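The figures that follow rest on heavy atoms only: side chains count, while hydrogens, waters and symmetry mates do not. For clarity, every value in this text was computed on a predicted model and none was experimentally measured.
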Amino acid sequence: MARPEAGYEAAVRPRPACTYTSCYCEENVWKLCDYIRSQDRHPLEEFYAVFISNDRKMIPLWKQKSGHGDEPVVWDYHVILLHVTSGEQNFIYDLDTVLPFPCPFDVYSVEAFRLDDSLRPEFHRKIRMIRADLYLKTFASDRSHMKDADGKWQKPPPPYPCIETADSKMNLDDFISMNPEVGWGSVFSLSDFVHRFGSQTDYSYSLEGQ
């Protein structure tokens, strides 16, 4: 399996040392951004929170820890961290993948994203990118989306206080939404995202049907 390129310095601690709560990927990525800001070793402007979803809230991803064999996991949304470097390769940080951490963008694209072309249209994925510094300033979640109708947790919450801003206690839906008129950042089709940030052109990512 491909490893991070020689000479690339990981921006965060090894995976086992990172703040992580299962099923709270948006907060896990927020914590990664916060750690990068606190270390001040990499320009925060090189990092982006990347929300993956679509209008039906059904997005397949491969190589997830909760997957079985070569079957994809279908999430309503997922969040990863993108490092846009000055080198030939960008990197993905995904605390829920079995791929390397960090993972070269091209490896993640082929192994985890694969192609929308082979999927039914309702499973085609979209991307919302928010620069890390903006994400830290704007994101808020009261975790209410993780409670059932009786107010019980569907998955145990993180041990630290809810993330909130001066303006909001809950705006997660604005980040999950793939409506470019809503929220912060920029919205792309998956193929546009891969073409923009991948370094390889021989994987034949097609724009057809996007």
Side-chain angles (χ1 to χ4, degrees), residues 10-15 17-57 59 61 75-85 90-97 101-102 125-190 192-193 196-197:
V12 301
R13 294 171 292 185
R15 189 183 338 229
C18 292
T19 300
Y20 174 79
T21 307
S22 178
C23 297
Y24 291 83
C25 53
E26 64 281 355
E27 295 197 33
N28 296 333
V29 167
W30 193 96
K31 286 292 188 179
L32 291 177
C33 294
D34 191 42
Y35 178 84
I36 294 166
R37 175 175 59 182
S38 72
Q39 296 301 297
D40 202 25
R41 288 189 293 109
H42 293 269
L44 195 57
E45 294 77 15
E46 294 178 355
F47 295 86
Y48 293 82
V50 176
F51 280 71
I52 310 157
S53 191
N54 59 27
D55 293 341
R56 290 177 177 257
K57 306 269 192 305
I59 54 111
L61 287 177
W75 299 114
D76 49 351
Y77 67 95
H78 188 48
V79 190
I80 57 180
L81 182 70
L82 168 65
H83 184 192
V84 179
T85 76
N90 298 318
F91 285 85
I92 294 289
Y93 293 79
D94 181 0
L95 285 162
D96 292 290
T97 189
F101 182 85
R125 291 148 296 179
K126 292 183 178 181
I127 301 289
R128 178 183 292 272
M129 286 181 59
I130 309 98
R131 209 169 73 177
D133 54 338
L134 182 62
Y135 190 51
L136 288 170
K137 291 176 184 175
T138 57
F139 173 78
S141 174
D142 62 8
R143 302 170 184 160
S144 56
H145 66 297
M146 294 300 289
K147 291 183 177 180
D148 64 20
D150 295 324
K152 296 179 181 177
W153 292 109
Q154 299 179 66
K155 296 290 183 179
Y160 51 83
C162 292
I163 298 167
E164 59 183 61
T165 70
D167 297 326
S168 181
K169 291 186 182 297
M170 182 60 172
N171 56 24
L172 175 59
D173 285 346
D174 289 344
F175 290 90
I176 297 172
S177 171
M178 292 298 140
N179 178 356
E181 303 300 318
V182 171
W184 298 266
S186 302
V187 175
F188 302 90
S189 68
L190 176 64
D192 283 349
F193 177 71
R196 184 175 295 237
F197 296 103

May I ask you to test the [X]-[Y] pair for a side-chain heavy-atom distance under 4.5 Å?
| X | Y | result |
| --- | --- | --- |
| Cys25 | Asp96 | yes |
| Leu81 | Ile92 | no |
| Leu190 | Lys126 | no |
| Arg128 | Met178 | yes |
| Leu172 | Tyr77 | yes |
| Ile59 | Leu61 | yes |
| Val79 | Ile52 | no |

Original post:
When the ring planes of Phe47 and His42 are compared, do they come out parallel, tilted or perpendicular, using 30° and 60° as the limits?
Top reply: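 Judged by the thresholds at 30° and 60°, the geometry between Phe47 and His42 is perpendicular.
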Original post:
Phe188 vs Phe193 aromatic rings, parallel, tilted or perpendicular, using cut-offs 30° and 60°?
Top reply: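 Ring orientation, 0 to 90° scale: tilted.
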Subject >> Between Asn179 and Ser177, a side-chain donor and acceptor under 3.5 Å >> reply: no
Determine all donor-acceptor pairs shorter than 3.5 Å in which one atom belongs to a side chain in residues 129-141; sequence neighbours excluded.
from: Arg131; atom 1: NE; to: Asp133; atom 2: OD1; distance (Å): 2.9
from: Arg131; atom 1: NE; to: Asp133; atom 2: OD2; distance (Å): 3.4
from: Arg131; atom 1: NH2; to: Asp133; atom 2: OD2; distance (Å): 2.8
from: Tyr135; atom 1: OH; to: Glu26; atom 2: O; distance (Å): 2.8
from: Thr138; atom 1: OG1; to: Leu134; atom 2: O; distance (Å): 2.7
from: Ser141; atom 1: OG; to: Arg143; atom 2: N; distance (Å): 3.1

Original post:
Backbone N or O of Asp174 within a donor-acceptor pair of the Asn171 side chain at under 3.5 Å?
Top reply: no
Original post:
Any donor-acceptor pair under 3.5 Å linking the side chain of Thr21 with the backbone of Tyr24?
Top reply: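 It does not hold such a pair.
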Original post:
Listed by chain and number, what are the side chain to side chain contact (heavy atoms under 4.5 Å, CB included) partners of Val12, not counting sequence neighbours?
Top reply: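 Side chain to side chain contact (heavy atoms under 4.5 Å, CB included) check on Val12 returns Cys18, Leu32, Tyr35, Ile36, Tyr93, Phe101.
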Original post:
Under the side chain to side chain contact (heavy atoms under 4.5 Å, CB included) test, which residues partner Thr97, sequence neighbours left out?
Top reply: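 If we apply the side chain to side chain contact (heavy atoms under 4.5 Å, CB included) test to Thr97, skipping adjacent residues, the hits are Arg15, Lys63, Gln64, Asp94, Leu99, Tyr108.
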**OP:** Measure the CG-OH distance between Leu95 and Tyr20 for me, rounded to the nearest 0.5 Å.
**Re:** 7.0 Å
**OP:** Report the distance from atom CG of Asn54 to atom CD1 of Ile176, rounding to the nearest 0.5 Å.
**Re:**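 Output value for this atom pair is 11.5 Å.
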Subject >> Row check, Tyr160 ring normal vs Lys31 NZ/CZ: under 6.0 Å, within 45° >> reply: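 Yes - Lys31 lies over the ring of Tyr160, closer than 6.0 Å to its centre and within 45° of its axis.
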Original post:
Can Met170 and Glu164 be said to form a side-chain contact (heavy atoms from CB on, under 4.5 Å), step by step?
Top reply: CA-CA 7 Å; Met170 182 60 172; Glu164 59 183 61; over 6 Å; no
**OP:** Test side-chain hydrogen bond (donor to acceptor under 3.5 Å, both in side chains) on Ser144 and Asp142 and set out the steps.
**Re:** CA-CA 5 Å; Ser144 56; Asp142 62 8; 2.7 Å; yes
Subject >> Met146/Cys23 under side-chain contact (heavy atoms from CB on, under 4.5 Å): CA gap, chis, key distance, verdict >> reply: CA-CA 9 Å; Met146 294 300 289; Cys23 297; 3.9 Å; yes
